[in-house]
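Taking it in order: structure first as structure tokens, then the write-up.
Along the sequence shown, the residues carry numbers beginning at 1. Source: prediction; values computed, not measured.
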Amino acid sequence: MTKSAVINYVECGNHSFPFSLAEELTQEYGIPEDISIKITTTYLKLFRKCPDNVVHTLDIWRITLWSKALGEKYSYLARKIYERWLYLRYYYLTLAADVISMLRQLRIKYLLGLITNGPSNAQWEKIRKLSLEQYFDIILVSGDLPWEKPEREIFRKACRFLNVKPDSCVMVGDKLETDILGGIEAGLGSTIWIPTVDKPFLLREDPQPDFTIRHVTDLLSIVNRGPDAPELEDSSSNASDGS
């Protein structure tokens, strides 16, 4: 029997990471707290907008971004701060044991796909450092393709690679405007949303997922439902007007 597919986006980041680094800038280098926060915030903005750079390696390119964020007064720290940032980045992004266990359980019965937006080099660095390739049957990075989430074609391409129909797939993600909207517009069977600290509630004007779960491992209660499975939070009755 053909396995169904779970197109699964796993968000493993820790929101305390930028603030931890800002604290270190203050404690280790005596940079005033408000300036430290501004530096780390500026770097993250530059980093998120950063395309693939064909001239420099990722390391050199990111050190350049840190030099800009640190400003003339502190730019001499760019390499040290970058090395610390890189360590903390993957320390906080490392998959938890329960997430790894979930992925292994799911892969026994289902095909798993990972779709991620971002520049190719940076995203593949993340995928390889976190050893994600062992958990997924297909990984698509938008930087390698002419589309990105929420464009429906990137979801359809994953389905074609997995040789499954879109309506047999489930999209799991924490971003309503890319993961959930894209899954809906691609005609996937279900969409499952994981709220974040930055977006804890579903509003009426948001793309409406089929289900909301509080932790990615709660996915097992949806895809492996049996007669004794607990009640699920149906997102159709979970929308709030924000009041």
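No continuous path of ILVMFWY side-chain contacts below 4.5 Å connects I37 to L46, so the two sit in separate hydrophobic clusters. In the hydrophobic clustering of this structure, Y92 groups with L86; members are Ile, Leu, Val, Met, Phe, Trp, Tyr whose side-chain heavy atoms approach within less than 4.5 Å, directly or through other members.
Scanning both residues, Q134 and R104, for their nearest heavy atoms gives OE1-NH2, 4.3 Å. Here the shortest heavy-atom pairing between I31 and T26 reads O-OG1, 3.0 Å. Pairing each heavy atom of I115 with each of A158, the nearest pair is CD1-CB, 4.0 Å.
Partners of Q27 according to the side chain to side chain contact (heavy atoms under 4.5 Å, CB included) rule, which considers only residues two or more places apart in sequence or in another chain, are E23. Applying the side chain to side chain contact (heavy atoms under 4.5 Å, CB included) rule to D98 yields the partners A96, H215, T217; only residues at least two apart in sequence or on another chain are considered. Under the salt bridge (charged side-chain N to carboxylate O under 4.0 Å, His left out) criterion, E24 pairs with R84, sequence neighbours left out. Every residue two or more places apart in sequence or in another chain that forms a side-chain hydrogen bond (donor to acceptor under 3.5 Å, both in side chains) with Q105 is listed here: S101. Looking at residues two or more places apart in sequence or on another chain, you find a side chain to side chain contact (heavy atoms under 4.5 Å, CB included) between I138 and L140, F161, L162.
Residue D137 holds its CG atom at 12.0 Å from CG of N163, rounded to the nearest 0.5 Å. Of the inter-residue distances, the one linking L65 atom CG with T42 atom OG1 reads 11.5 Å to the nearest 0.5 angstrom. Here CD1 of I81 is found 8.0 Å from CD1 of I39. Values are rounded to the nearest 0.5 Å. To the nearest 0.5 Å, atoms CZ (F136) and CG (L106) are separated by 9.5 Å. Residue F211 holds its CZ atom at 14.0 Å from CD1 of I194, rounded to the nearest 0.5 Å. Rounding to the nearest 0.5 Å places CZ of F47 at 4.0 Å from CZ of R89.
Look at K199 and D174 and you find no salt bridge, because none of the NZ, NE, NH1 or NH2 atoms lies under 4.0 Å from a carboxylate O. Ion pair E153/R160 flagged as a salt bridge, since at least one NZ, NE, NH1 or NH2 atom sits closer than 4.0 Å to an Asp/Glu carboxylate oxygen. Between E125 and R62 there is a salt bridge, with a side-chain nitrogen of the basic residue lying less than 4.0 Å from a carboxylate oxygen of the acidic one.
T116 pairs with exactly one of E148, K149, K126, Q123 by the side-chain hydrogen bond (donor to acceptor under 3.5 Å, both in side chains) rule, that one being Q123. A side chain to side chain contact (heavy atoms under 4.5 Å, CB included) with M171 holds for exactly one of I184, L181, T191; it is T191.
At least one donor-acceptor pair under 3.5 Å links the side chain of T64 to the backbone N or O of I60. Using modelled atom types, no side-chain atom of S142 and backbone atom of W147 make a donor-acceptor pair closer than 3.5 Å. The main-chain N or O of P150 is never found under 3.5 Å from a side-chain atom of T178 such that the two would form a donor-acceptor pair. A side-chain donor-acceptor contact under 3.5 Å links R156 to the backbone of A186. Side-chain atoms of E28 never come within 3.5 Å of backbone atoms of L25 as a donor-acceptor pair (strictly under, hydrogens ignored).
Side-chain contact check for I139 versus I127: some heavy-atom pair is nearer than 4.5 Å. Side-chain contact between D34 and K38: absent, with no pair of heavy atoms (C-beta onward) separated by less than 4.5 Å. Between I222 and V172 there is no side-chain heavy-atom pair separated by less than 4.5 Å. Counting only heavy atoms from C-beta outward, the side chains of V141 and N117 never approach each other to under 4.5 Å. Using a 4.5 Å cut-off on side-chain heavy atoms (C-beta onward), P207 and L176 make contact.
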- Task: Dump the intermediate steps for ring pair (Phe, Tyr, Trp, His ring centres under 6.0 Å) on Y43 and W85, then the final yes or no.
- Result: CA-CA 10 Å; Y43 175 76; W85 171 85; 5.2 Å; yes
- Step-by-step side-chain contact (heavy atoms from CB on, under 4.5 Å) determination, T57 to N121: CA-CA 9 Å; T57 64; N121 289 340; over 6 Å; no
- Query: Please walk me through it: do L145 and I154 pass side-chain contact (heavy atoms from CB on, under 4.5 Å)?
  - Reply: CA-CA 8 Å; L145 302 165; I154 196 167; 4.0 Å; yes
- Item | Check against side-chain contact (heavy atoms from CB on, under 4.5 Å), L188 and D167 | CA-CA 5 Å; L188 302 188; D167 62 7; over 6 Å; no
- Working for side-chain contact (heavy atoms from CB on, under 4.5 Å), residues L114 and Y135: CA-CA 9 Å; L114 174 64; Y135 305 117; over 6 Å; no
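Atom OH of Y29 has more than 12 neighbouring heavy atoms from other residues, nucleotides or ligands inside a 6.0 Å radius. Other residues, nucleotides and ligands contribute only 12 or fewer heavy atoms inside 6.0 Å of the CZ atom of R79. Shown here is E33, whose CD atom has no more than 12 heavy atoms of other residues, nucleotides or ligands within 6.0 Å.
For residues 65-78, there are no side-chain hydrogen bond (donor to acceptor under 3.5 Å, both in side chains) pairs, not counting sequence neighbours.
Using cut-offs of 30° and 60° for the angle between ring planes, the H56 and W61 rings count as parallel.
A donor and an acceptor atom, one from each side chain of D206 and W193, are nowhere located under 3.5 Å apart.
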